Amino acid sequence: MENHVSQKLKTSIEKIMEVNFGNNIKNGNKRQVYEAVLTATNEILAEKRYEYSKKVKEQEAKQVYYMSMEFLVGTSLKNNLWNLEAEDDIKAFLAEYGFDIEEFYEMEPDAGLGNGGLGRLASCYMDSMTTLSYPITGFSIRYEFGIFKQVIIDGWQNEFPDSWIDQAGYWLNPRADEEIEVHFFGNIKEHWTDKGLTTEHTDYVSVMAKPYDLFISGYDTEAVNTLRLWSAKSTSGFNMDLFSKGEYVKSTENEAIASSISKVLYPADDKIEGKSLRLKQQYFFVSASLQQITKEHYKKYGTFESFPDKAVIHINDTHPSLCVPELMRILMDDYGYVWDAAWDITANSLAYTNHTVMSEALEKWPIDLVKSHLPRIYSIIEEINRRFCQFIYTNHPELSASIDKMAIISEGMVKMANLCIAGSYSVNGVSKLHSDILKTDTFHNFNIVYPDKFTNVTNGITHRRWLCQANPLLSQLLTEKIGGGFKKSLSDIEKFNEFYYDEAVLSRLREIKKENKKRLADYIAQKNGIEVNCDSMFDVQVKRLHEYKRQLLNVLQIIDLYRKIKFQGFRPLPQTYIFAAKASAGYFMAKEIIRLICAVSDMVERDPDVRDFLKVVFIADYKVSLAEIIIPAADISEQISQAGKEASGTGNMKLMINGAVTLGTMDGANVEIYEAVGPENIFIFGLSTQEVNDLYHRGYRPEDFYNANQSIRDVLEFIKSGGIGGKNFDSLYHYLMYSDPYMNLADFASYCDAHRRVEEAYRDEARFTQMSLKNIANAGIFASDRSVTDYANHIWHVKPVQ
Ligand code: 26W
């Protein structure tokens with residue numbers, strides 16, 4: 001029976017064809033009907049949004065405000081139609097007029113408003129919060145250009161602008177009626193009034209923040225939440241005087257300066273870019289969002305005493321950490337609260353999640369930069385720091401020696417993580433191991449001062465996108481065998497364990513994996529011109545390119561295997577190594593590693609002695625929609641970061657639920673995957689976090705491992721001698737021989753041994769399929785539905801609004 005949403009959608013599509021194009025679906029062209037379908041779907045969400053937000057207001061429900069510089073949304077049409085349970089109906093409706101919905105899915109560009117894990121996690125959480133009917137609003141920036149398009153030319157990464165709005169802007173609902181002004185630069189003047197010392201901000205430069213709302217759908221719920229994206233524009237706009245004086249460029253200068261704030265996403269992932277524009281971006285969306293949130297709260301409740309009971313502001317890593325001083329500024333300067341009252345409200349309304357322990361990613365801003373760009377904010381940070389240091393000296397004199405490490409302002413820098421910890425009531429990591437490292441290492445002094453603040457919420461993924469929509473064949477088999485309940489609550493998927501010995505199910509799983517491999521093989525043939533063997537084992541490593549994620553270790557093992565096949569008559573089972581990864585634009589070593597992977601791929605492709613056993617493919621321009629094609633086709637999930645470096649990982653969870661078996665170190669959430677599937681359904685190798693720390697302290701010398709291992713010597717000398725297609729990789733040879741900071745050589749032998757164990761397991765088809773089934777059936781806890789419920793119950797203390 002067709003659901004009423006589908007009916008409304010069809011009517012609306014026809015209406016839009018008439019109104020927007022003076023046409024009808026019968027005679028409309030693909031572009032027109034594409035636009036009508038997206039616009040109609042957006043309208044349905046807008047109506048549901050209106051109803052739901054009314055209910056939230058009526059029930060005076062506590063709301064979550066999720067502050068993030070990144071939301072890696074991907075495409076939205078398929079997800080929204082699937083969540084609205086209208087996909088099949090609309091597919092059939094369009095087919096009646098000769099339109100293939102799959103073509104519309106391909107026409108929609110990804111909304112790539114993020115770099116990697118942190119941004120995608122935020123989007124998975126928006127889907128889960130909405131499906132579970134929790135009221136949440138996401139806040140970020142409407143970047144005109146998202147994450148760059150990656151084009152590989154002669155093995156070298158080139159970046160091109162990603163103009164996504166033209167084709168996907170239909171999801172963005174402009175709200176000019178809710179524009180907000182944000183102030184930069186200028187001076188602060190303090191004067192005593194009858195109300196005490198007040199601070200005035202003068203000679204500031206104003207930027208107008210214009211909101212665009214992206215509606216977030218959920219599955220089987222009345223709820224629709226909002227992701228509000230701020231766009232920057234000048235308050236003074238075009239300068240007619242200058243123009244009439246012929247100063248054409250100068251006349252548009254203000255607009256250019258203002259709009260540059262929301263022009264482009266910084267492509268840095270795990271490495272800070274201390275650029276002033278990045279600081280302006282952070283303050284811009286934080287100030288606009290907090291001004292809106294406080295204005296709405298005050299209009300409704302007339303006081304901020306109740307603020308911590310009605311709102312929680314979540315800081316997604318340190319990038320929105322200016323929430324701490326900005327909320328203080330608003331409460332004191334705009335609403336006249338005294339310091340202590342303002343601090344009490346602030347520190348009880350903010351919660352912070354850390355996503356990395358990489359020192360180069362822990363943001364610090366030069367004092368002068370903050371002082372010049374945000375004078376009022378800096379004066380408040382100074383006072384927060386003064387009171388914090390006082391508190392430490394008084395209450396924890398034993399920590400006075402490490403005040404420089406704990407202080408918010410020290411060594412000429414403003415340390416954003418310390419500001420977040422001092423100004424939030426909750427600090428959590430994103431996997432058990434990571435949260436332990438935060439407490440025992442990264443923030444151990446703070447854990448002494450605030451033991452109750454530190455908790456853990458292990459990451460999760462929305463299985464509706466990453467299983468049901470990306471792998472419909474597997475989703476169908478699960479529905480047949482265990483019912484459809486798992487779509488709403490993934491804990492049901494555990495029932496699939498009952499089919500561990502069911503031959504029919506096991507062979508169906510193999511067929512499904514083969515189908516998904518064919519789909520990926522077609523993509524690779526089209527994009528890379530490489531024919532991959534779908535009967536070979538697909539070994540996949542897809543994630544941002546970073547030294548600590550050790551794509552280099554993966555390619556070193558491949559070179560070793562290549563040499564064993566070519567020179568030692570080794571005849572392994574056919575295997576295909578698939579890589580996809582973007583490197584931050586200025587990250588030379590990461591780009592060199594991409595160049596090596598591409599060179600190995602070419603070398604193998606040109607080698608008749610080897611290419612029937614081995615294929616290596618680097619698929620360019622990794623993004624959400626590409627991950628949705630690669631992940632369902634994977635047999636092996638490479639999660640090989642140096643232990644202690646990957647905070648959690650979420651790709652590991654996506655690959656697991658699609659039946660890939662993990663080959664990994666005991667790092668991040670791999671440890672919890674190991675606990676979920678048991679030692680016989682995962683391949684673990686390498687040094688543990690403790691062993692890594694011990695080796696560091698003993699002094700790690702990569703050449704010791706070179707001297708002790710013939711294969712390492714063979715592989716490195718092969719690289720040095722131009723063995724890889726005659727190309728020069730001296731920089732990587734020296735990097736491995738004389739620094740190798742992430743211990744690729746120390747874990748090489750154990751890693752190669754693990755690969756031999758993988759091959760042996762994969763040869764036993766029935767056994768391997770059972771391992772695959774175990775990974776699917778035990779993925780329930782890695783649902784982002786479980787993660788957000790943990791946040792809701794243990795950190796945010798919010799209830800669903802039915
Ligand atoms: C300042 C530049 C910058 C930009 C982004 C520094 C750090 C980041 C992010 C924190 C990097 C990131 O995405 N971290 C990843 O977050 C995921 C979600 O929690 C984790 O699963 C990954 O392990 C972690 O690397």
Side-chain angles (χ1 to χ4, degrees), residues 183 185-193 195-202 204 279 282-283 286-287 290 304 308 313 315 318 320-352 362-427 443-453:
H183 300 160
F185 306 108
N187 308 304
I188 51 169
K189 288 195 179 38
E190 289 172 337
H191 18 241
W192 284 99
T193 65
K195 282 214 288 325
L197 181 69
T198 58
T199 307
E200 199 199 349
H201 188 187
T202 61
Y204 49 73
L279 180 66
Q282 294 183 352
Y283 184 66
V286 160
S287 180
L290 288 183
F304 286 98
I313 294 159
I315 303 176
T318 57
S321 54
L322 291 171
C323 281
V324 178
E326 175 66 4
L327 187 51
M328 287 296 285
R329 180 192 72 76
I330 293 170
L331 292 171
M332 295 189 298
D333 297 2
D334 297 354
Y335 294 93
Y337 278 75
V338 296
W339 183 278
D340 291 343
W343 183 254
D344 192 45
I345 293 164
T346 299
N348 288 300
S349 309
L350 298 176
Y352 157 56
L362 296 177
E363 292 188 300
K364 305 182 241 320
W365 290 104
I367 288 176
D368 302 345
L369 194 66
V370 180
K371 204 184 267 181
S372 62
H373 285 60
L374 311 168
R376 178 53 178 146
I377 292 296
Y378 183 73
S379 70
I380 292 172
I381 295 175
E382 255 186 334
E383 182 59 15
I384 293 173
N385 181 59
R386 188 187 66 74
R387 289 169 181 249
F388 171 75
C389 294
Q390 190 53 53
F391 169 76
I392 296 294
Y393 288 132
T394 323
N395 300 58
H396 294 273
E398 79 281 6
L399 292 174
S400 311
S402 35
I403 197 70
D404 265 359
K405 286 279 159 283
M406 298 181 76
I408 294 152
I409 300 177
S410 70
E411 297 148 344
M413 303 296 262
V414 181
K415 298 172 176 181
M416 307 319 268
N418 297 357
L419 177 62
C420 285
I421 297 170
S424 302
Y425 68 84
S426 166
V427 177
F443 302 135
H444 77 282
N445 285 331
F446 287 101
N447 186 39
I448 294 166
V449 176
Y450 310 114
D452 311 336
K453 276 191 186 184

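Bear in mind that the values here come from a model prediction, so they are computed numbers and not experimental data.
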Worksheet item: Taking it one step at a time, do K415 and S410 satisfy side-chain hydrogen bond (donor to acceptor under 3.5 Å, both in side chains)?
Response: CA-CA 8 Å; K415 298 172 176 181; S410 70; 2.9 Å; yes
Discussion item. H373 vs W365, test: side chain to side chain contact (heavy atoms under 4.5 Å, CB included). Steps then yes/no.
Written reply: CA-CA 11 Å; H373 285 60; W365 290 104; over 6 Å; no
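- In terms of heavy-atom proximity, W343 sits nearest to A422 at CZ2-O, 3.4 Å.
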Item to complete: Walk me through it: do L290 and C323 pass the test side chain to side chain contact (heavy atoms under 4.5 Å, CB included)?
Response: CA-CA 8 Å; L290 288 183; C323 281; 4.1 Å; yes
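- The distance from the OG atom of S372 to the CZ atom of F185 is 6.5 Å, given to the nearest 0.5 Å.
- Taking every heavy atom of both residues into account, Y337 and A341 meet most closely at CD2-CB, 4.0 Å.
- Separation of atoms CD (Q390) and CG (N395) is listed at 9.0 Å; rounding is to 0.5 Å.
- In terms of heavy atoms, A407 sits closest to C389 at CB-SG, 4.0 Å.
- Using a 4.0 Å cut-off between charged nitrogen and carboxylate oxygen, E411 and K405 count as a salt-bridge pair.
- Taking CE of M332 as the reference point, atom OG1 of T346 lies at 8.0 Å (rounded to 0.5 Å).
- Of the possible donor and acceptor atoms, one in the side chain of N385 sits under 3.5 Å from a partner among the backbone N and O of I409.
- Rounded to the nearest 0.5 Å, atoms OG (S321) and CD (E326) are 12.0 Å apart.
- The two residues I392 and M406 make their nearest non-hydrogen contact at CD1-CE, 4.0 Å.
- Side-chain contact between M328 and W339 is present, with at least one heavy-atom pair separated by less than 4.5 Å.
- Taking all atoms of both residues into account, the shortest heavy-atom contact from N445 to S402 is ND2-OG, 3.5 Å.
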Discussion item. Walk me through whether Y393 and I403 qualify under side chain to side chain contact (heavy atoms under 4.5 Å, CB included).
Written reply: CA-CA 9 Å; Y393 288 132; I403 197 70; 3.5 Å; yes
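- Of the possible donor and acceptor atoms, one in the side chain of T198 sits under 3.5 Å from a partner among the backbone N and O of H191.
- We find the CG-CD1 distance between L322 and I315 to be 9.0 Å, quoted to the nearest 0.5 Å.
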Item to complete: Step by step, work out the salt bridge (Lys or Arg N to Asp or Glu O under 4.0 Å) result for R386 and E382.
Response: CA-CA 6 Å; R386 188 187 66 74; E382 255 186 334; over 6 Å; no
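- Ring planes of F388 and F391: tilted class, angle from 30 to 60°.
- Side-chain contact check for Q282 versus P320: every heavy-atom pair is 4.5 Å or farther apart.
- Contact record, K364 with L362: NZ-O, 3.3 Å, taken as the closest heavy-atom pair.
- With values rounded to the nearest 0.5 angstrom, L374 atom CG is found 12.5 Å from H183 atom NE2.
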Worksheet item: Run the side chain to side chain contact (heavy atoms under 4.5 Å, CB included) check on E363 and V414 step by step: do they pass?
Response: CA-CA 8 Å; E363 292 188 300; V414 181; over 6 Å; no
